[in-house]
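See below for the structure under consideration.
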Amino acid sequence: MKKTFLLGKFWNPDDVMTALGKLRDQGVQAYDVYSPFPIHNIEPLLDIKRTRLSVACFIYGCIGALTGFTLMSLLYGAVWPMNIGGKPAIPVPSFAPVTFEMTILFAAHGVIITFFIVQQYFPGKKAELMDIRQTDDVFVIAIDQDRISGVDQTQSISNVFTANGAFEVTEKTFE
């Protein structure tokens with residue numbers, strides 16, 4: 001499926017923020033902004049919702065803690081019980097380090113794997129850059145052509161780009 005984007009290329013992040021504000025006032029939603037470094041407070045202009053990875057991290061951490069505690073309880077309480085000096089068969093306080101480490105291990109690996117699956121990152125995936133300079137010194141605002149209607153709105157968006165400091169306005173198609 002082909003996707004066509006209208007790209008506005010800027011040298012300055014402040015110009016990007018101004019152009020995004022003007023586009024939003026016109027009711028145009030940007031597909032994404034590509035930047036060589038993070039631009040603070042851009043999320044509201046792009047309508048980026050809060051990620052649910054923190055919830056996934058909590059769930060993976062709980063699974064890790066349960067796994068660690070269960071493993072220690074089974075090993076010291078059922079599989080290989082030891083009575084040393086009248087201590088209890090399942091000494092819960094001494095399980096804390098293993099439980100903590102398993103929590104961290106499961107949470108970290110689970111979140112990383114979930115992120116890669118959700119973002120569809122996999123070995124050998126070809127990067128689709130809007131502009132090769134976006135990784136160096138150019139800021140790119142991408143507008144999905146399927147979401148805008150007609151030549152008039154395309155011209156209006158191009159005018160907003162150029163009026164707010166874009167040095168180049170182009171179209172790019174991805175297959």
Side-chain angles (χ1 to χ4, degrees), residues 1-65 100-101 103-175:
M1 182 171 110
K2 286 186 176 181
K3 282 193 87 98
T4 304
F5 295 97
L6 181 66
L7 308 176
K9 300 172 186 177
F10 299 83
W11 294 117
N12 188 343
D14 295 331
D15 294 341
V16 170
M17 295 291 282
T18 305
L20 280 174
K22 299 274 169 89
L23 288 172
R24 187 172 179 152
D25 292 343
Q26 290 184 1
V28 177
Q29 180 61 41
Y31 175 76
D32 207 349
V33 173
Y34 301 92
S35 168
F37 57 82
I39 302 174
H40 297 289
N41 299 323
I42 199 169
E43 294 88 3
L45 295 175
L46 293 173
D47 287 335
I48 295 176
K49 295 176 178 61
R50 186 172 182 266
T51 181
R52 292 179 297 208
L53 277 178
S54 57
V55 174
C57 184
F58 178 75
I59 291 169
Y60 292 134
C62 289
I63 292 170
F100 174 77
E101 293 299 331
T103 302
I104 301 302
L105 179 78
F106 275 56
H109 286 89
V111 161
I112 290 171
I113 291 168
T114 301
F115 175 77
F116 283 148
I117 290 170
V118 168
Q119 295 299 320
Q120 298 175 354
Y121 287 158
F122 49 86
K125 182 178 180 183
K126 184 180 177 290
E128 294 179 351
L129 298 176
M130 294 293 179
D131 188 294
I132 192 68
R133 297 171 293 176
Q134 79 189 32
T135 60
D136 188 24
D137 61 353
V138 171
F139 300 86
V140 180
I141 298 176
I143 307 291
D144 189 357
Q145 293 281 56
D146 295 337
R147 292 188 183 177
I148 58 177
S149 57
V151 177
D152 294 337
Q153 194 168 16
T154 302
Q155 188 59 40
S156 172
I157 293 169
S158 296
N159 291 340
V160 169
F161 283 158
T162 54
N164 289 292
F167 67 89
E168 187 179 342
V169 178
T170 60
E171 286 188 4
K172 184 158 186 177
T173 303
F174 290 103
E175 303 238 1

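A quick note: this is a predicted structure, and the numbers were derived from the prediction, not measured.
- Of all heavy-atom pairs spanning A142 and Y34, the tightest one is CB-CE1, 3.9 Å.
- Note: Y31 OH to Q145 CD = 13.5 Å, rounded to the nearest 0.5 Å.
- Nearest heavy atoms, P36 versus D136: CB-O, 3.5 Å.
- Note that the CZ atom of F106 and the OH atom of Y60 stand 11.5 Å from one another [nearest 0.5 Å].
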_Apply salt bridge (Lys or Arg N to Asp or Glu O under 4.0 Å) to residues K3 and E128 and explain how you reach the verdict._
CA-CA 12 Å; K3 282 193 87 98; E128 294 179 351; over 6 Å; no

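- Atom CD of Q119 sits in a crowded spot, with more than 12 heavy atoms from other residues, nucleotides or ligands closer than 6.0 Å.
- Across every non-hydrogen atom of F10 and D15, the tightest pair is CD2-CB, 3.8 Å.
- Between R24 and L45, the closest heavy-atom pair is NH1-CA, 3.4 Å.
- Taking CG of L6 as the start and CD1 of I141 as the end, the distance is 10.0 Å to the nearest 0.5 Å.
- At a threshold of 4.5 Å between non-hydrogen side-chain atoms, the residues L23 and I143 count as touching.
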*Show the numbers, then the answer: is there a ring-ring contact (aromatic ring centres under 6.0 Å, His included) between F167 and F139?*
CA-CA 10 Å; F167 67 89; F139 300 86; over 10 Å; no

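- For the pair F5 and D144, the tightest heavy-atom approach, listed with the atom from each and the gap, is CD2-CA, 3.8 Å.
- A distance of 5.0 Å separates CD1 of I157 from CD of Q153, quoted to the nearest 0.5 Å.
- For I132, the CD1 atom counts as loosely surrounded, since its 6.0 Å shell holds 12 or fewer non-hydrogen atoms of other residues, nucleotides or ligands.
- When all heavy atoms are compared, the tightest approach of L129 to K172 is O-NZ, 2.8 Å.
- Within the structure, every pair that satisfies the side chain to side chain donor-acceptor pair (under 3.5 Å) test and touches residues 154-165, not counting sequence neighbours, is listed here: Q26-S156, Q155-N159.
- Here CD1 of I117 is found 12.5 Å from CZ of F122. Values are rounded to the nearest 0.5 Å.
- Considering CE of M17 and NE2 of H40, their distance stands at 10.5 Å, rounded to 0.5 Å.
- Around atom NZ of K125, more than 12 heavy atoms belonging to other residues, nucleotides or ligands sit under 6.0 Å away.
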*Test side-chain contact (heavy atoms from CB on, under 4.5 Å) on I42 and V33 and set out the steps.*
CA-CA 9 Å; I42 199 169; V33 173; 4.0 Å; yes

